Amino acid sequence: MHPYENRPDPQAGHTPESQRDPRTAAPWVSPGHPQEPQPGQQAAPEQGQQAASQPAHQTPPAGYPQQGHPGPQANPGPQMPTGPQGQPGPQTNPGPQHPGFTHQPTPPYYQQPHGQGTPPPGWSIGSVATPERPKREHRWMPLVGTAAGAALIASVATAGLVIGFSHPAHTAVSIDSLGATSSEAVPVSGSTVSNPDWEAVANAVRPSVVAIKVQLNGGVAEGSGVVVDTKGHILTNNHVVAGATQGGITVTLSDGRVFPATVAGTDPTTDLAVVSLTNPPSDLKPATLGDSSKVVVGEPVMAVGNPLGLSSTATTGIVSALDRPVSTSEGGGQPVVTNAIQIDAAINPGNSGGPLFDAKGEVIGITSSIASLSQSSGSIGLGFAIPSNLADRIGAELLKDGTASHAFLGVELTDGQATADGVTRMGAKIHSVSPGTPAASADLRAGDVIVAIDNQPVSGAESLTGYVRALAAGQSATLTVVRDGKSFSVDVTFAAMSGSTTSGSQQGQSPSLPSLPWGQGG
């Protein structure tokens, strides 16, 4: 039963009214103890007899269709099988009837002690309403989920006949290994780009994917994460854990075990974070890192995560585009600009921080945002993931220092275009250059249009920003610039982005690139 479902009240003997909860239980949920007849309503006849008469008029209960249309009937009581050779068995209590409603068969109930009844397995018992979410002012929607983020259909798991049986003896067992499964090693043998074996890949990678629940001052948020070492470090999105209350982070492994966690480091600039499990188990299975620079458009991918609270959900699709400039912001903070991997695999709120796998089962990205027509539209086939090479560098720095460094050029940019060599191209037009910055040292000027970085085309200001922020302080790159109708290249060594330039950054040089210990046993 879903946590938001109405449940029978064992004291009152009926299902709580819908006013007490915005969700509604199915109208045929057992009312429990018999109710006293209401004025104008006859009492139900004894079992095995037909009702003597029907009430002249009765107002249908809330949730029934309009008069003249089929509607669920009252609890008819326990059903009995037919007699030998198709003869009807003992008649059962049909319960009070509703005039104007076409009689429809109702699902049987299994008798429980004290008159309680439960529906048999497989019958729907209601749905959860979807609350409206507040509007946010950003182009792309981060994928953190809320506790009441989906309309789900719950079903009864089991129902059994218990009358006349004694209680069985209890046997001591261990729950430590519940849900544990053996999985194939990564890379998955036999699964290729041309012939992906998603069943084998899903079996191999699920133990490396976790669900994250975060207690906030204003409620609860949910996201995803990926295990990066055997010491209990989990890589996820910063917007998943940002704002967590003290002791408010819990991580659920794929086998159902739950562990408290703390934040090891966050980087709002790239929207990445690392959390650490408290007293992690010894059997964690880290994911295997892939090389996002080798990803090509059209190759198949699988996203695994916790969309809308549905843990270990796998969806597949293809890479739709590379180096797609995406700008997101949460709560009016500094925008996160990423040259992302665009995918059409369905991802939804709650997928944030989850891994994107290639056909071999290696992580090539961290899903972080979707393009959406509205806050309630969900996936429309436009999802975005942070490339794994960037996540690798940032994650390693967060594990080491709790913060990460980013390259800084020292210019103000706008979208622009330039013509040279008989070709017009889009680019990032320099509006101003700050003194004493790498841009000033490279003799870049206002009016210059940067059309490429390391031979990668630049489509605008966000595109160049995404490329630069993906680099570490101290790294160098070659810029292709158009000035006064002529093109030239210039080498630039980037400085460190200071805290005054953008929130969450770190000053200092970091020319050596650390690597996150993916799959290296911690």
Side-chain angles (χ1 to χ4, degrees), residues 137-140 267-271 321-330 332-340 342 368-369 371 384 386-387 390 394 404-421 423-507:
E137 296 181 357
H138 55 258
R139 292 175 52 197
W140 313 104
D267 183 41
T269 300
T270 56
D271 193 23
L322 297 172
D323 296 321
R324 182 71 76 193
V326 175
S327 177
T328 63
S329 62
E330 279 288 297
Q334 183 74 22
V336 176
V337 181
T338 306
N339 284 347
Q342 181 181 329
S368 59
S369 60
F384 304 94
I386 301 168
L390 174 59
I394 298 299
S405 65
H406 300 283
F408 174 63
L409 182 58
V411 295
E412 290 185 6
L413 301 169
T414 59
D415 293 338
Q417 63 181 27
T419 302
D421 306 318
V423 177
T424 300
R425 286 187 173 275
M426 298 297 297
K429 186 176 182 178
I430 298 177
H431 182 265
S432 64
V433 178
S434 300
T437 62
S441 300
D443 193 29
L444 295 176
R445 305 174 187 175
D448 290 350
V449 179
I450 301 174
V451 296
I453 178 172
D454 286 339
N455 292 322
Q456 297 295 317
V458 170
S459 61
E462 283 187 349
S463 175
L464 180 61
T465 300
Y467 279 122
V468 172
R469 289 189 180 181
L471 300 174
Q475 281 191 273
S476 298
T478 299
L479 302 179
T480 302
V481 184
V482 176
R483 177 187 297 169
D484 298 330
K486 297 181 179 179
S487 61
F488 62 91
S489 63
V490 59
D491 293 332
V492 176
T493 299
F494 297 100
M497 184 183 294
S498 66
S500 60
T501 303
T502 184
S503 62
S505 61
Q506 178 188 19
Q507 297 186 20

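Only a predicted model underlies this, so the values are computations on that prediction, with no experimental measurement involved. Counting begins at 1 with the first residue of the sequence.
The side chain to side chain contact (heavy atoms under 4.5 Å, CB included) with Ser487 is formed by just one residue from the set Val449, Val423, Asp421, Val481; it is Asp421.
Side-chain contact annotation: Asp271 with Ser368, donor-acceptor N/O pair under 3.5 Å absent.
Summarising the geometry, atom CZ belonging to Arg324 is positioned 4.5 Å from atom CD belonging to Gln342; distances are rounded to the nearest 0.5 Å. Here the CE-CG distance, from Met426 to Asp415, works out to 6.0 Å after rounding to the nearest 0.5 Å. The line from NZ of Lys429 to OG1 of Thr414 is 6.0 Å long, rounded to the nearest 0.5 Å. Note that CG of Leu444 and CG of Leu479 are 6.5 Å apart. Values are rounded to the nearest 0.5 Å.
Under the side-chain contact (heavy atoms from CB on, under 4.5 Å) criterion, Ser476 pairs with Thr493, not counting sequence neighbours. With sequence neighbours left out, Ala452 forms a side-chain contact (heavy atoms from CB on, under 4.5 Å) with Thr480. Under the rule for a side-chain contact (heavy atoms from CB on, under 4.5 Å), the partners of Thr437 that lie at least two apart in sequence or sit in another chain are Phe408, Val433, Ser434, Ala439, Ala440. For Thr270, the side chain to side chain donor-acceptor pair (under 3.5 Å) criterion is met by Asp267, not counting sequence neighbours. In this view, Asp484 satisfies the salt bridge (charged side-chain N to carboxylate O under 4.0 Å, His left out) rule with no residue, not counting sequence neighbours.
Val492 has its side chain within reach of Leu409: a pair of non-hydrogen atoms, C-beta onward, lies under 4.5 Å apart. Tyr467 is listed as a side-chain neighbour of Asp323, based on a closest heavy-atom distance under 4.5 Å. The shortest side-chain heavy-atom distance between Leu413 and Glu462 does not fall under the 4.5 Å cut-off. Put simply, the side chain of Arg469 reaches to within 4.5 Å of the side chain of Met497, judged on heavy atoms. At a threshold of 4.5 Å between non-hydrogen side-chain atoms, the residues Ile430 and Ile450 count as touching.
Across Ser405 and Ile394, no two heavy atoms sit closer than the pair O-CD1, 4.4 Å. Heavy-atom minimum distance, Pro335 versus Ser327: CB-OG, 3.7 Å. Taking each heavy atom of Phe384 and Ala371 in turn, the nearest pair found is CE1-N, 3.7 Å. Summarising the geometry of Ala428 relative to Gly460, their closest heavy-atom pair is CB-O, 3.6 Å, with the distance given to 0.1 Å.
For residues 446-460, the pairs satisfying side chain to side chain donor-acceptor pair (under 3.5 Å) are Asp448-Arg483, with sequence neighbours left out.
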Apply side chain to side chain contact (heavy atoms under 4.5 Å, CB included) to the pair Val451 and Val458, showing each step before the final yes or no. CA-CA 5 Å; Val451 296; Val458 170; 5.7 Å; no
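Looking at Asn339, its side chain does come within 3.5 Å of a backbone N or O of Ser463 through a donor-acceptor pair.
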